[in-house]
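Data first, discussion second: the structure below is written as C-alpha cells.
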Amino acid sequence: MDMVETLKVAVLGAPGVGKTAIIRQFVNHDFSEAYSPTISQDVYRPSVILNGAMFDVKIMDVPKLSSFPVTSSQEWSDMKCRGLRDTCAYILVYDICSLESFEYVKTLRLQIMENRAGLPNEMPIIVVGNKRDLQKHRFTSRHTVSLLVKKSWKCGYIECSAKYNWHIVLLFKELLLSAAASGCKNNHSSTGLQGALQRNSCCIM
C-alpha cells in the first residue's frame, strides 16, 4: 500500500446516546459505564485497513448542536461546528429507547441535506440506533425505523451496542465503503502512510 485515503467523519446526536462510547469502542476497544457529557468537539485519528486500502480517518465527536451551521462564518464562529460543512460522511446516533433523541436526528439530517445540497458526490449518512442491549425498552420496532430511514430518508441504517461491542466494526466498515464509493476522499503519499501507522491502527479484515 503506497497511498492513504483520508476521510473526515462527524458523529452527531443528542446527549447521552453513546456517541463517544461508539467511537472509543471502535478506536480503543474499551467501554465505560460512567457518563461524561461531551462539552467540546473531540477528534480521534485511527488508521484503518479495509480490503487492502489504508484509510486515515478523522472522527469528530461533536457535542449537541442547536442547529447545523448554515454558513462558513457560522461554522467557524462556534468551536463545536468547526469542520462540519466539508465533512466526507456523517454518523447520526440516537438511543433506541428515546423517541426524543430520534427526533433530534431527524431534524439534524434535514438541516444537513438543506445546507449541503448540490454536492457533486452522494454524501454518506448513516443513522445509528445505539443501546441495542436495551431493546426491550425501545420506543418502536426496528423494522419501522429501518423502513423510514432507508426508504424515505435514503440513508444507511444500523443498530449497535457500544457496551457489548456489537456491530461497531460493521458500522465503520459500511461507512468507509460508502465514503470511498462516493469519491469523498483525499489521497496522500507514502509519507502520510508512515504517519498514519504511528497512530492507532484498527484493521478491518
Side-chain angles (χ1 to χ4, degrees), residues 4-28 32 35-48 54-95 100-128 130 153 155-156 162 168 171-172 174-176 178-180 182-188 191-192 195-196 198-200 202:
V4 178
E5 297 177 354
T6 302
L7 298 173
K8 185 161 67 171
V9 179
V11 183
L12 306 165
V17 297
K19 301 184 298 293
T20 303
I22 288 172
I23 298 170
R24 289 183 60 85
Q25 186 65 267
F26 178 67
V27 177
N28 300 324
S32 174
Y35 173 60
S36 178
T38 302
I39 305 300
S40 59
Q41 187 182 121
D42 294 323
V43 176
Y44 298 78
R45 298 297 296 263
S47 297
V48 181
M54 170 69 77
F55 294 86
D56 183 13
V57 188
K58 178 180 180 180
I59 306 175
M60 298 184 294
D61 184 3
V62 184
K64 182 180 180 181
L65 304 175
S66 57
S67 64
F68 189 83
V70 177
T71 64
S72 295
S73 59
Q74 181 183 347
E75 175 187 16
W76 292 99
S77 64
D78 185 347
M79 292 290 290
K80 294 188 295 184
C81 296
R82 294 194 173 182
L84 290 185
R85 288 177 57 82
D86 65 348
T87 299
C88 290
Y90 298 91
I91 297 176
L92 306 183
V93 184
Y94 77 97
D95 177 348
E100 182 180 2
S101 70
F102 182 75
E103 291 295 331
Y104 176 79
V105 159
K106 179 180 179 181
T107 300
L108 202 56
R109 178 231 162 226
L110 281 173
Q111 293 174 349
I112 292 172
M113 298 305 294
E114 289 171 356
N115 289 288
R116 296 205 60 186
L119 291 179
N121 298 304
E122 185 176 348
M123 181 178 48
I125 297 178
I126 295 184
V127 176
V128 179
N130 189 31
W153 297 7
C155 296
I168 299 298
L171 161 61
F172 283 93
E174 293 299 319
L175 182 79
L176 292 173
S178 298
S182 73
C184 185
K185 59 192 178 183
N186 295 304
N187 291 332
H188 297 279
T191 302
Q198 292 173 7
R199 293 189 288 272
N200 297 320
C202 303

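- Summarising the geometry, atom CG belonging to L175 is positioned 11.0 Å from atom CD1 belonging to I125; distances are rounded to the nearest 0.5 Å.
- Between T20 and D42, the closest side-chain pair of non-hydrogen atoms is not below 4.5 Å.
- Interatomic distance, Y104 OH to D95 CG, rounded to the nearest 0.5 Å: 14.5 Å.
- Across T38 and P63, no two heavy atoms sit closer than the pair O-CB, 3.4 Å.
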Could you go through residues 10-17 and list every donor-acceptor pair under 3.5 Å that involves a side-chain atom there, pairing it with any protein atom two or more places apart or in another chain?
none

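- With rounding to the nearest 0.5 angstrom, the CG atom of L92 is 11.0 Å from the OG1 atom of T107.
- Side-chain contact between E103 and E100 is absent, with no heavy atoms from C-beta onward closer than 4.5 Å.
- Without hydrogens or angle criteria, R85 side chain to V70 main chain gives a donor-acceptor distance under 3.5 Å.
- Atom NZ of K64 is separated from atom CG of L108 by 10.5 Å, given to the nearest 0.5 angstrom.
- The two residues F26 and P46 make their nearest non-hydrogen contact at CE2-CG, 4.4 Å.
- When every heavy atom of S67 is checked against every heavy atom of Q74, the shortest pair comes out as OG-NE2, 3.9 Å.
- Judged by distance alone, the side chain of E174 and the main-chain N or O of G156 form no donor-acceptor pair under 3.5 Å.
- Nearest heavy-atom pair across P124 and C88 is CD-O, 3.3 Å.
- The distance from atom CG of D61 to atom OG of S40, rounded to the nearest 0.5 Å, is 9.0 Å.
- In this view, F102 and Y94, F139, W153 satisfy the ring-ring contact (aromatic ring centres under 6.0 Å, His included) rule, not counting sequence neighbours.
- In this structure, Q25 contributes its side chain and I168 its backbone to no donor-acceptor pair below 3.5 Å.
- Partners of R24 according to the side-chain hydrogen bond (donor to acceptor under 3.5 Å, both in side chains) rule, which considers only residues two or more places apart in sequence or in another chain, are D30.
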task = Apply side-chain contact (heavy atoms from CB on, under 4.5 Å) to V62 and K19, showing your working.
result = CA-CA 8 Å; V62 184; K19 301 184 298 293; 5.8 Å; no
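- Atoms CZ and CZ, on R109 and F68 in that order, are 13.0 Å from each other to the nearest 0.5 Å.
- Using a 4.5 Å heavy-atom cutoff, the side chains of L65 and L84 are in contact.
- More than 12 non-hydrogen atoms from other residues, nucleotides or ligands lie less than 6.0 angstrom from NZ of K80.
- A side chain to side chain contact (heavy atoms under 4.5 Å, CB included) with R45 is found for one member of D56, V57, V27 and no other, namely D56.
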Discussion item. Between Q41 and M79, does the side-chain contact (heavy atoms from CB on, under 4.5 Å) criterion hold? Intermediate values first, please.
Written reply: CA-CA 7 Å; Q41 187 182 121; M79 292 290 290; over 6 Å; no
